[in-house]
Amino acid sequence: MIEWLKTAVFYEVFPPSFKDSDADGIGDLPGIIEKLDYIRELGCSALWLNPCFLSPFKDAGYDVEDYYRIAPRYGTNEDARKLFDEAHRRGMHVLLDLVPGHTSVTHPWFLKSCEPEPNEYWGRYVWNDSQDKPLPVGFEYGIAGALRGISDRPGTVATNCFSTQPALNYGFADVTDSEWMMRPEDPEPMKTRKAILDVCVFWRKMGCDGFRVDMASSLVKKDDMNRTANIRLWKAMRAYLDEQVPGTALVSEWGRPAQSLNAGFDMDFFLHFLPCYQALFRAETPFFSRGGKGDAKAFVDFYEETAAKIPEGGLMCMVTGNHDMPRIAWKLDPEELKLAYSFIFALPGAPFLYYGDEIGMRYIENLTSREGAFGRAGSRTPMQWDSSADCGFSSAPQDMLYFPTDPDPARPDAAAQAADPQSVFSTLKRILSVRGTLAAMENTAGIDFVFAEEYRCPLVFVRTPNPPEKRCAGAGASEGAVLVAVNPSEKEITVTARDFRRDPGLSRFRKTVLSVGAGAFADAGKLVIHPLSAAWISE
């Protein structure tokens, strides 16, 4: 396993909304460099940047026109190199967003594939052999849509997601029409694979540390539900990267860690399309809402079932949110957010913090879409650095901003929250600071959920440190196990030894290292958790 991942805490940056350095209303790479110290001092040690490559931006950069060039609105390739260097100088690491499943319709590869005469790019995308023959579209094929009549080429091309995103050709796991379907090992899909691997090698040699891989499970089409062919493909791609650029970190947008981590990825996310994830933070009644009527057990069951199937060292990563889902503050108020963070940042796996979630930025509903955002627009508004009209994001006029700022006069901002010891920001900073002192909070350390019942508070688990020979150099100095207890309800709760699923040995947990709200304590064989409170208690 890559050593730095064992203690990494990630901060996701949506570049056009983070920090504008040149007054054009759009965030950029120099703006990110300007805020590296802020991110590091908060307690995050790594970055994930959403797409930065040249693009017509029909889908916020997830429609790539040139994988080898930074989009001019964000800066230059040299700005990217400087970002990597400045991050490394601070002991930080950077992942770029890789989109291997499709390109823009303006990509030179696609334009060449549209030509009427066969050429070296005719097999780069998923084309059939006749405009009169419809492409099979649907979930079972892994094809979202199809385009025809767009060129003189006699055929129809498959798309992923939007109609501006033609699907790259990695072959079909089940070939039902040999006239145009190719197998993953056929020459053309292998050329596609090599082209994307060349992109990875280029940026690794520029200084990036790895990639978050968009739609990682969807490359091979007509794959079975177990994604057998995609797993085989990624194992081969992983092996190539290990040979060419060792130490490349890979995190997948897959949402099925039992598959992705066995395919060679270092990390996978719990994502919003999992009902058990929604139940924690974004359901009608989230578990972390103060009514105490939510359900965490479904997540715990899924977590335990999945953990039993992943390889040693694989990281199942929890996110506060991302660019595709409503912000976590959509359903949770500031006090509830603090409890949610005491849970998220106590789990194994590298946690991911979405920009602005550290201050509880709101999800803004009913914004006009831009660049394919649609309902996601409300999670992509400018970062709120201060209380000025433009939130400290840009000095451009308001009508030039990428998205409008939150119109609420009471909107949170980083400057005010940094000065308030009770704010969401200050609480999270404290959580991350304590986390770094505890060997039990290393990303690969063990976990045992000892209290998790359906529609019942609290949630209690124990983190157990790795044996000394398996700890990384950055693991915390405090070597004992840590009990984590979270009570989102408005009632004090007492849990006795007979209530636990497995006896955690309460008598050994005596030192409270973190309290949120009034906290909790263990005494005389019982655990008492105060209302709207959480605690980390060490041996």
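Side chains are part of it too, since the values below use all heavy atoms of this structure and drop only hydrogens, waters and symmetry mates. In this chain, numbering begins with 1 at the start of the sequence shown.
Using a cut-off of 4.0 Å between Lys/Arg side-chain N and Asp/Glu carboxylate O, D177 and K222 are scored as not salt-bridged. With respect to the salt-bridge test (charged N to carboxylate O, under 4.0 angstrom), the residues K331 and E284 qualify. At a threshold of 4.0 Å, the pair K191-D186 does not count as salt-bridged, since none of the basic side-chain nitrogens sits closer than that to a carboxylate oxygen.
Residues Y67 and H107 bring their aromatic ring centres within 6.0 Å. Aromatic pair H323/Y62: ring centres closer than 6.0 Å. Residues F53 and W203 bring their aromatic ring centres within 6.0 Å. Aromatic ring centres of F14 and F18: separated by at least 6.0 Å. Ring pair W385/Y38: centre-to-centre distance below 6.0 Å. In this structure, F299 has its ring center closer than 6.0 angstrom to the ring center of F270. Taking the six-membered ring for Trp and the full ring otherwise, Y355 and W48 have centroids separated by 6.0 Å or more.
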Take R204 and T248, measure what side-chain hydrogen bond (donor to acceptor under 3.5 Å, both in side chains) needs, and give me the verdict at the end.
CA-CA 7 Å; R204 281 284 285 124; T248 300; 2.7 Å; yes

Between E115 and Y121, is a side-chain hydrogen bond (donor to acceptor under 3.5 Å, both in side chains) present by the stated rule, with each step listed?
CA-CA 9 Å; E115 293 181 359; Y121 295 100; over 6 Å; no

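Between the side chains of D209 and H88, at least one donor N or O sits under 3.5 Å from an acceptor N or O. Judged purely by distance below 3.5 Å, without hydrogens or angles, the side chains of K221 and N160 pair a donor atom with an acceptor atom. Using a 3.5 Å distance cut-off with no hydrogens or angles, the side chains of E12 and N50 do pair a donor with an acceptor.
A donor-acceptor pair under 3.5 Å is formed between the side chain of N169 and the backbone N or O of G123.
Taking all atoms of both residues into account, the shortest heavy-atom contact from Y354 to S379 is OH-O, 2.7 Å. D63 approaches S55 most closely through the heavy-atom pair O-OG, 2.7 Å. Taking both residues in full, the closest heavy atoms of G321 and Y277 are given as N-OH, 4.2 Å, listed atom of the first, atom of the second, then distance. In terms of heavy-atom proximity, A279 sits nearest to D295 at CB-O, 3.6 Å. The nearest pair of heavy atoms linking R282 to P326 is NE-O, 2.6 Å. When every heavy atom of D20 is checked against every heavy atom of A396, the shortest pair comes out as OD2-CB, 4.4 Å.
Both tests pass for R153 against the ring of W122: distance under 6.0 Å to the centre and angle within 45° of the axis. With F57 as the aromatic partner, R370 does not meet the cation-pi criteria of under 6.0 angstrom to the ring centre and within 45 degrees of the ring axis.
To the nearest 0.5 Å, atom CD of residue E185 and atom CG of residue L233 are 9.0 Å apart.
Counted within 6.0 Å of CG on D408, heavy atoms from surrounding residues, nucleotides or ligands total more than 12; the atom is thus considered enclosed. Counted within 6.0 Å of CD on E365, heavy atoms from surrounding residues, nucleotides or ligands total more than 12; the atom is thus considered enclosed.
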